[in-house]
Participant: 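Can you keep this structure in mind? I'll have questions shortly.
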Amino acid sequence: MQKFLRKNAPAYVFLTPWLVGFFLLSIFPILASLYLSFTQYDVVRPPQWVGLENYQYMFEFDYRFWKSLQVTFTFVVVSVPAKLIFALAVAMLLDKGIRAVGWYRALFYLPSILGGSIAVAILWRQLFDYNGVINSVLRFFGGDGPYWLSDPRYSLWTLIVLAVWQFGSPMLIFLAGLRAIPQDLYEAAEIDAAGPVRKFFAITVPLLAPVIFFNLVLQMIEAFKSFSGAFIISGGSGAPLDSLLFFTVYLFNEAFSYFRMGYASALGWVLLVIIAAFTAIAFWTSKYWVHYENERG
Amino acid sequence: MASVTLSKVVKAYGNVPVIHCIDLEVASGEFLVLVGPSGCGKSTLLRMIAGLEEVNDGTISIGDKIVNDLPASQRNLSMVFQSYALYPHMSVRKNLAFGLTNLRMPKDEIARRVADAARILQIEPLMERKPRQLSGGQKQRVAIGRAIVREPQLFLFDEPLSNLDAELRVQMRVELAGLYQRLGTTMIYVTHDQTEAMTMATRIAVLNKGIVEQIGTPYELYNFPRNRFVATFIGSPKMNMLEATARGDTAEIAGIGTLKLPDGVRGQGSISVGIRPEQIAIGDGGALSVPGKVSLVEYLGSEIFVYVTLPSGERLLVQAPGDARIHNGEPITLSISAAQAHYFDAEGLRIGT
């Protein structure tokens, strides 16, 4: 033991700040939230053990929970494929070897850096306001734009557009993936009389599948966790008519508006299970459509 | 089968010229090998014929048709790539059928052609495997199979054997030669390996720095190299070159002696005398006897390569029978035959026939 300590003590000394952070800021809150999800806790009084009551209420009586799930699923199902398709299209354009490609890359990546910020959400609110830039442009061309943000039919779509606009990060990953596809496969396909569409579906997509899969999982998790845009644009409430009641917005309200920390913790664990389930499904289906070059047998 | 004609073909990448005004005729049914050192433009030339590189000037014709503006898919040719370029996510069967499917060929015709190719190349047991499950030689066969199912009028090979080990390379070389005899289709084959070129070609074009140095049969190139470059590039081991000063019908080889030039070879001033290692005899008796000292002996079984240092400091490589008893460090006398030597002027061009 002494020998072990003598040998490894310096490593543990250097690791200590990280270990303290990890246990205090990650492991402890995770375990605490799991415990709290089985309690009623309003921050002021000590937590009261209620067993599965929070989960039971959530699934049996809480229509806003189901509404928030519906909003979040719609957002994930529409925004993730749209963002990936857009990102791939732009990556393919940039892969053509156009001039000043570095500038375009930086320009397209910019929204991804700004995307999660409050400032962009506020900007988005200004753009899609009834008297905002979008409607001003529509009016200039003789049209009349709707109330994008206060009409429940449109509000979620503005957030989906915001999500798709932040295509920079998957685009960069796609670009790297496209660059890794050997050029001679396209040349062989060219000689084999494959047109551009055939080349895309017979070569690009299958060889890019690991990258598509990676982006899909990453973007799906991001989309499930999406918060700041919906929070800012809906004024924190999920309005209008709960059309922007993202799961995370609902969770935030339960925790910090109504101080139902136990219930909010339960919501958090349900979100974790949902994300884990979808990720597992993605991994399970990947064996049917993802080809890895170095895979054995 | 189709002939291929290149007329004043030029290619440059930006300001860097790669192919300088090349004229080349490949007869229908011919096996032409483009050979040359790395960077000589041989692969670029092949890719231009394939339609994978734009032609900056001049014309390329396949058969009677100028194909400069014709896409690769419409040139009715097949190409085997150095890297094999097999589609990694498709089985061998799908790799073979890919081009035919794109041509919207009837399914039974595709199946027949794929089966024929598999039988010819003996890859029938591999048909459901993916490329990653194949060895280098098997991949090469599949790549060739993909080329032959198209039944094209022209085959192009871009260094197809260079990724194989030495033994497999020899085996595939024989198989490719057999395939050529069987199909009789025009083939253009790029390699930097002059042994491949000599053994497979009906004619060889030697390229250097974007120009064709010489076109001819392997026999012509070996025995009548047009210039110094071809003389030293063709033949393994490489031809020995000795610098000399010609005075009419004699040549004074620095530090060695005077050689009486054969009929038809006359010169004045600096010349180079080229002697192939197998044309140097050990012992006295040639037109010129040269004393030297053995500095290295390489034993290859049926033959030995003897590196001999001359009194002038120059080194000659001599090829001797495998049973010759020659040892490092011993003195040796070499004899050179004037008639078997090759002579090149100061510009490197061949003197005489």
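Below, read A as the first sequence line, B as the second, and so on, with proteins coming before strands; counting in each chain starts at 1. Side chains included, hydrogens not; waters and symmetry mates left out as well; all remaining heavy atoms used.
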Participant: Can you list the residues that meet the salt bridge (Lys or Arg N to Asp or Glu O under 4.0 Å) rule with B:E151, with sequence neighbours excluded?
Facilitator: B:R112, B:R113

Participant: Please find the pair of heavy atoms, one from B:Y87 and one from A:A188, that lie closest to each other, and give the distance.
Facilitator: OH-C, 3.3 Å

Participant: Pick one of side chain, backbone, both or neither for A:A202, based on which atoms fall under 4.5 Å of a heavy atom in chain B.
Facilitator: both

Participant: How about OH on A:Y104, more than 12 heavy atoms from neighbouring residues, nucleotides or ligands closer than 6.0 Å, or not?
Facilitator: no

Participant: Drop me the distance from A:E190's CD to B:R75's CZ, to the nearest 0.5 angstrom.
Facilitator: 10.0 Å

Participant: Sort by residue number and list every residue of residues 169-186 of chain A having at least one heavy atom under 4.5 Å from chain B.
Facilitator: A:D184, A:L185

Participant: Pick one of side chain, backbone, both or neither for B:L100, based on which atoms fall under 4.5 Å of a heavy atom in chain A.
Facilitator: neither

Participant: In this structure, are over 12 heavy atoms from other groups packed under 6.0 Å from B:K209 atom NZ?
Facilitator: no

Participant: In chain order, what residues pass the salt bridge (Lys or Arg N to Asp or Glu O under 4.0 Å) check against B:R129, with sequence neighbours excluded?
Facilitator: none

Participant: Does A:E187 reach the side chain of B:R47, with side-chain heavy atoms less than 4.5 Å apart?
Facilitator: yes

Participant: Does anything in residues 101-108 of chain B reach chain A? List residues with heavy atoms under 4.5 Å apart, or say none.
Facilitator: B:T101, B:N102, B:L103

Participant: Please check if atom CZ in A:F14 has more than 12 non-hydrogen atoms from other residues, nucleotides or ligands closer than 6.0 Å.
Facilitator: no

Participant: For A:K199, look at atom NZ and say whether over 12 heavy atoms of other residues, nucleotides or ligands are found less than 6.0 Å away.
Facilitator: yes

Participant: Tell me whether B:R150 contacts the main-chain N or O of A:I191 through its side chain, where contact means a donor paired with an acceptor under 3.5 Å.
Facilitator: yes

